[in-house]
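All of these numbers come straight from a predicted model, not from anything done at the bench. By convention in this document, chain letters (A, B, ...) are assigned in the order of the sequence lines, proteins followed by strands, and residues within each chain are numbered from 1.
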Protein chains: 2
Amino acid sequence: MGVSRRGASARAPRTKFDSPASRIIVGDCVAEMSKLPSGSVDLVFADPPYNLQLKGELKRPDESHVDAVNNDWDKFSSFAAYDDFTRAWLLACRRAMKPSATIWVIGSYHNIFRVGAIMQDLGFWVLNDIVWRKTNPMPNFRGRRFTNAHETMIWAARDENAKGYTFNYEALKAANEDVQARSDWLIPLCTGNERLKDKDGRKVHPTQKPEGLLARVLLSSSKPGDLVIDPFNGTGTTGAVARRLGRNYIGFERDRTYAAAAEKRIAAIEPLPEATLAPFMTAREAPRVAFSELIERGMISPGAKLVDAKKRHGALVRADGAIMLGNKVGSIHRIGAMAQGAGACNGWTFWHIETSKGLRLIDELRAEIRNQMMAAG
Amino acid sequence: MGVSRRGASARAPRTKFDSPASRIIVGDCVAEMSKLPSGSVDLVFADPPYNLQLKGELKRPDESHVDAVNNDWDKFSSFAAYDDFTRAWLLACRRAMKPSATIWVIGSYHNIFRVGAIMQDLGFWVLNDIVWRKTNPMPNFRGRRFTNAHETMIWAARDENAKGYTFNYEALKAANEDVQARSDWLIPLCTGNERLKDKDGRKVHPTQKPEGLLARVLLSSSKPGDLVIDPFNGTGTTGAVARRLGRNYIGFERDRTYAAAAEKRIAAIEPLPEATLAPFMTAREAPRVAFSELIERGMISPGAKLVDAKKRHGALVRADGAIMLGNKVGSIHRIGAMAQGAGACNGWTFWHIETSKGLRLIDELRAEIRNQMMAAG
DNA sequence: TATATTCCTGAATCAGCCA
DNA sequence: CTGGCTGATTCAGGAATAT
């Protein structure tokens with residue numbers, strides 16, 4: 001079967017202190033992916049053949065030879081053949097994906113339009129297209145086009161109405177000077193020690209992707225313990241980064257040479273300590289607290305008065321956890337919206353209670369309760 | 001017919017001191033483009049509907065309303081309907097294009113994959129995909145995706161084997177710190193005075209493109225006097241930039257309000273002086289000089305000896321313009337390659353003649369002839 | 001008049017849970 | 001599956017207004 005294992009089975013859920021499981025399955029990715037339980041995968045990263053359609057040989061102005069992609073696996077007889085191939089592996093991925101899973105596909109102008117259109121036709125829902133801007137692209141030697149300085153990744157959900165996909169928004173923002181991460185990423189090519197070479201010093205694979213690119217993919221759209229798969233394993237960049245980041249991994253690869261190099265590479269990876277990977281506790285994911293809990297815990301008494309920051313509005317706290325403004329009764333949110341004449345309002349960040357030291361936001365009281373909940377486990 | 005004219009007919013070739021001709025034709029672009037002579041157009045720029053498929057209303061965190069694209073012209077019943085629409089206008093463009101013409105199409109992830117795949121299926125040959133990186137994109141208000149900070153343009157030739165398309169390589173390189181222009185362009189949104197507003201201060205069109213973007217498109221892939229068309233004229237950004245840059249223009253627009261605003265806008269444009277637009281004389285476009293002309297002009301005598309810079313090789317000049325090394329006869333290029341054992345060689349920058357003042361590169365002699373040709377007009 | 005602050009807006013496929 | 005409620009969420013730049 002050409003299956004190798006490292007650590008526990010990838011199918012077993014990873015417990016808190018497990019080492020991430022990594023496997024490479026040698027074989028056709030469509031056939032092998034169909035053996036996975038359906039709906040078992042959290043994230044797919046795919047770097048399929050680009051169908052470059054190169055002709056002849058390209059030389060630099062100094063007459064040196066350009067070592068281009070010239071492998072059999074990148075040759076297709078027609079666009080239609082490439083489309084059939086693409087549909088097949090995308091469908092196999094889709095079957096294996098959880099409803100909340102997302103998929104990344106990388107390509108260039110040679111293939112990415114076909115891939116994107118087929119993904120839409122199959123029902124995938126595009127979330128973003130991401131541009132990998134290369135700091136050090138190969139120049140256009142003939143001076144007949146713009147330097148092809150980027151590649152494109154499509155990030156898509158399984159369905160239009162897929163709920164709950166992972167997007168580590170706050171972590172990305174915190175890592176980016178507190179500004180939202182954009183759709184254009186500037187990352188160098190894979191070179192130097194990171195580039196796998198054979199014993200003769202030749203590159204093992206012509207299209208090895210930089211780990212920095214995969215790191216950003218996995219950090220943005222997966223969690224530690226997730227199962228990540230890559231239908232076109234190649235030299236195993238996805239697996240190497242997955243292991244380092246505490247994600248479980250299954251890669252599929254037809255070529256035994258590539259698979260062997262990838263196995264060795266991934267085995268040498270030391271997963272990062274749990275603490276460095278622990279997910280951000282975001283406001284969105286924080287445990288829910290009902291306003292009535294503040295009353296039950298005695299932090300606010302029925303009959304107390306809530307006011308906004310400028311004390312323009314005052315509302316009365318009822319025993320049942322609703323509040324009253326004039327003769328209107330409702331939630332802290334509803335009444336807050338009504339007070340402002342707005343369509344919506346987050347009552348937690350609108351209403352205050354009056355204390356001897358001045359106004360106190362009720363969101364601070366909620367934070368106290370949350371801290372107690374966290375401490376209690 | 002809703003045709004307006006400005007200056008001479010766009011079909012007449014522009015003579016040296018003509019003002020560029022601009023027309024906007026009100027009507028369906030497929031029907032109207034089919035009235036153009038086939039093979040008459042030098043460049044197409046198309047900004048088709050993106051088929052955004054928006055649902056509901058989006059508000060900013062401050063509860064303000066996001067004024068999104070909600071026009072009928074962007075609504076399609078299905079991907080298939082959008083594909084049919086796309087095929088039709090692309091075919092009409094292709095018919096009107098000269099064999100050497102190229103086409104630009106701009107889009108976002110909503111439509112660009114379908115557009116690109118259809119272009120390939122119709123026989124267009126993609127030259128580059130260009131990323132317009134926005135300096136000031138709209139943020140992602142809900143924090144559920146990456147900020148969509150770019151749009152994509154496809155630049156394609158009419159056919160795979162199209163010869164002689166315009167790419168002003170040297171001018172772009174000179175304008176870019178003497179480095180090749182890349183496929184990612186950083187350009188701000190269209191705002192401020194450049195943005196067309198109606199008398200109530202509302203934007204005339206929801207998707208007006210910045211002139212800076214069109215300027216780079218036209219400067220890179222067209223020449224003064226070329227005929228540029230835009231099937232989706234809108235507010236006429238393409239026409240405005242074309243006129244300023246001395247290109248003739250025909251735009252197609254169904255909406256009379258847009259067309260009227262565009263007419264007024266384009267009429268107010270003052271074309272730049274000829275001198276600022278004169279094409280860069282590039283090495284590739286410089287007049288060709290045959291080696292035999294050096295002999296005809298008496299700059300080199302038959303029987304003279306050509307040598308390389310280190311005088312390791314010596315070749316004999318024949319009367320017919322070929323040269324001879326040992327018993328091999330051929331062009332300066334072929335024999336130069338043979339002397340070096342290389343696959344190719346630019347003989348002009350390899351061979352020298354011996355003068356009383358030392359070696360002189362034959363390329364310098366060619367430059368003398370070219371200067372004379374230029375002076376003669 | 002100069003500086004500081006507020007306001008406005010741009011091609012947007014922009015939530016998740018429970019009853 | 002729908003409806004309703006909770007409550008989380010924005011960057012850059014130009015224009016307008018206030019100090």
Using a heavy-atom cut-off of 4.0 Å across all strands, would you classify B:T207 as base, sugar-phosphate, or nothing?
base

By the Watson-Crick or G-U definition, both distances under 3.5 Å, D:dG3 is matched with C:dC18

Over how many whole Å does the gap from B:M153 atom CE to C:dA11 atom C1' extend?
15 Å

Taking only side-chain nitrogens and oxygens of B:R144, does any of them come within less than 4.0 Å of OP1 or OP2 of C:dG16?
yes

How long is the line joining CH2 of A:W125 and C1' of C:dA12, in whole Å?
11 Å

In whole angstroms, the gap separating P of D:dC1 from CD of A:E160 amounts to 14 Å

Given the P atoms of C:dA12 and D:dA8, what is the spacing between them in whole Å?
26 Å

Of B:E151 and B:R142, the one whose nearest nucleotide on DNA chain C sits closer to the 5' end is B:E151

Strictly below 4.0 Å: does A:K173 bring a side-chain N or O up to OP1 or OP2 of D:dC11?
yes

Taking D:dT10 as the reference, what is the distance to C:dC7 when you measure between their C1' atoms (whole Å, please)?
14 Å

Within 6.0 angstrom of A:R95 CZ, more than 12 heavy atoms from elsewhere
yes

Set out, in order, the CA-CA distance, both residues' side-chain angles and the distance that settles side chain to side chain contact (heavy atoms under 4.5 Å, CB included) for B:W104 and B:D47, then state yes or no.
CA-CA 8 Å; B:W104 294 76; B:D47 181 9; over 6 Å; no

Take atom C1' in D:dT17 and the same atom in C:dT1, then report the distance between them in whole Å.
15 Å

Step by step, work out the salt bridge (Lys or Arg N to Asp or Glu O under 4.0 Å) result for B:D84 and B:R87.
CA-CA 5 Å; B:D84 290 342; B:R87 252 185 300 271; 3.2 Å; yes

Specify the separation, in whole Å, of atom CD of A:Q180 and atom P of D:dT10.
6 Å

Can you confirm if the NZ or CZ of B:R114 lies within 45° of the ring axis of B:F79 and under 6.0 Å from the centre of its six-membered ring?
yes

For the residue pair B:K134 and B:W132, would you count it as a cation-pi contact if the rule is NZ or CZ under 6.0 angstrom from the ring centre and within 45 degrees of the ring axis?
yes

How would you label the contact of B:T135 with the nucleic acid (heavy atoms, under 4.0 Å): base, sugar-phosphate, or nothing?
sugar-phosphate

Tell me whether the OP1 or OP2 atom of D:dT6 has a side-chain N or O from A:S331 closer than 4.0 Å.
yes

Which part of the nucleic acid, if any, lies within contact of B:R202, taking any heavy atom under 4.0 Å across all strands shown: a base, the sugar-phosphate backbone alone, or nothing?
nothing

Any-strand Watson-Crick or G-U partner of D:dT10, both distances under 3.5 Å:
none

Using the P atom on both, measure D:dG7 against C:dA19 and round to a whole Å.
14 Å

Atom CE of B:M138 to atom C1' of D:dG13: distance rounded to whole Å?
14 Å

Separation of D:dG7 C1' from A:I362 CD1 (nearest whole Å)
11 Å

Categorize B:P48 for me: base, sugar-phosphate, or nothing, with a 4.0 angstrom heavy-atom threshold over every strand shown.
base

Using atom CG of B:N140 as one end and atom P of D:dA8 as the other, report the distance to the nearest whole Å.
17 Å

Using a 4.0 Å heavy-atom cut-off, does B:K59 contact any base of the nucleic acid, only the sugar-phosphate backbone, or nothing at all?
nothing

Confirm from the modelled atom types if B:K209 and C:dA11 form a donor-acceptor pair under 3.5 Å, side chain to base only.
yes

Could you give the distance separating C:dG10 and C:dC14 at their C1' atoms, to the nearest angstrom?
15 Å

Of B:N193 and A:T349, the one whose closest nucleotide on DNA chain D sits nearer the 5' end is A:T349

Do B:R60 side-chain and C:dG10 base share a donor-acceptor contact under 3.5 Å?
yes

Can you classify the ring geometry of A:W155 versus A:Y165 as parallel (below 30°), tilted (30 to 60°) or perpendicular (above 60°)?
perpendicular

Tell me what B:N148 touches on the nucleic acid: a base, only sugar-phosphate, or nothing, going by heavy atoms under 4.0 Å.
sugar-phosphate

Report the nucleotide, chosen from C:dA12, C:dT9, D:dC11, that has the shortest atom-to-atom distance to any side-chain atom of B:A68.
C:dA12

If you check every side-chain atom of B:W73, which of C:dC14, D:dC5, C:dA11 has the closest atom?
C:dA11

Hey, does B:R195 reach any base, or is it just sugar-phosphate, or nothing, if we go heavy atoms under 4.0 Å?
sugar-phosphate

Once you apply a heavy-atom cut-off of 4.0 Å, does A:V179 come out as touching a base, just sugar-phosphate, or nothing?
sugar-phosphate

Output field: ring centroids B:Y258/B:H205 closer than 6.0 Å:
yes

G-U wobble or Watson-Crick pairing nucleotide for C:dA11 (cut-off 3.5 Å, both distances)
none

Between B:T191 and A:T282, who's closer to the 5' end of DNA chain D by nearest nucleotide?
A:T282

What nucleic acid atoms does A:G164 come within less than 4.0 Å of, heavy atoms only: base, sugar-phosphate, or nothing?
sugar-phosphate

Does B:N193, at its CG atom, have more than 12 non-hydrogen atoms belonging to other residues, nucleotides or ligands within less than 6.0 Å?
no

Polar pair under 3.5 Å, donor/acceptor by atom type, side chain B:D47, base C:dA11:
yes

Quick check on C:dC17: is either OP1 or OP2 less than 4.0 Å from any side-chain nitrogen or oxygen of A:K163?
no

What about A:W185 and A:H150, are their ring centers closer than 6.0 Å?
no

Using only side-chain N and O atoms of B:N136, determine if any of them is under 4.0 Å from OP1 or OP2 of C:dG10.
no

Interatomic distance where CZ belongs to A:F167 and P belongs to C:dG16 [whole Å]:
13 Å

Please work out if B:D74 contacts a base, only the sugar-phosphate, or nothing of the nucleic acid, heavy-atom cut-off 4.0 Å.
base

Report which part of the nucleic acid A:C345 touches: base, sugar-phosphate, or nothing (heavy-atom distance under 4.0 Å, all strands).
base

With respect to the phosphate group of D:dG7, does any side-chain polar atom (N or O) of A:H333 fall under 4.0 Å of OP1 or OP2?
yes

Using a heavy-atom cut-off of under 4.0 Å over every strand shown, decide if A:E285 touches base, sugar-phosphate, or nothing.
nothing

Would you mind telling me which residue lines up with the more 5' stretch of DNA chain C, B:P137 or A:L127, judged by nearest nucleotide?
B:P137

Phosphate OP1/OP2 of C:dC14: any A:Y165 side-chain N/O under 4.0 Å
no

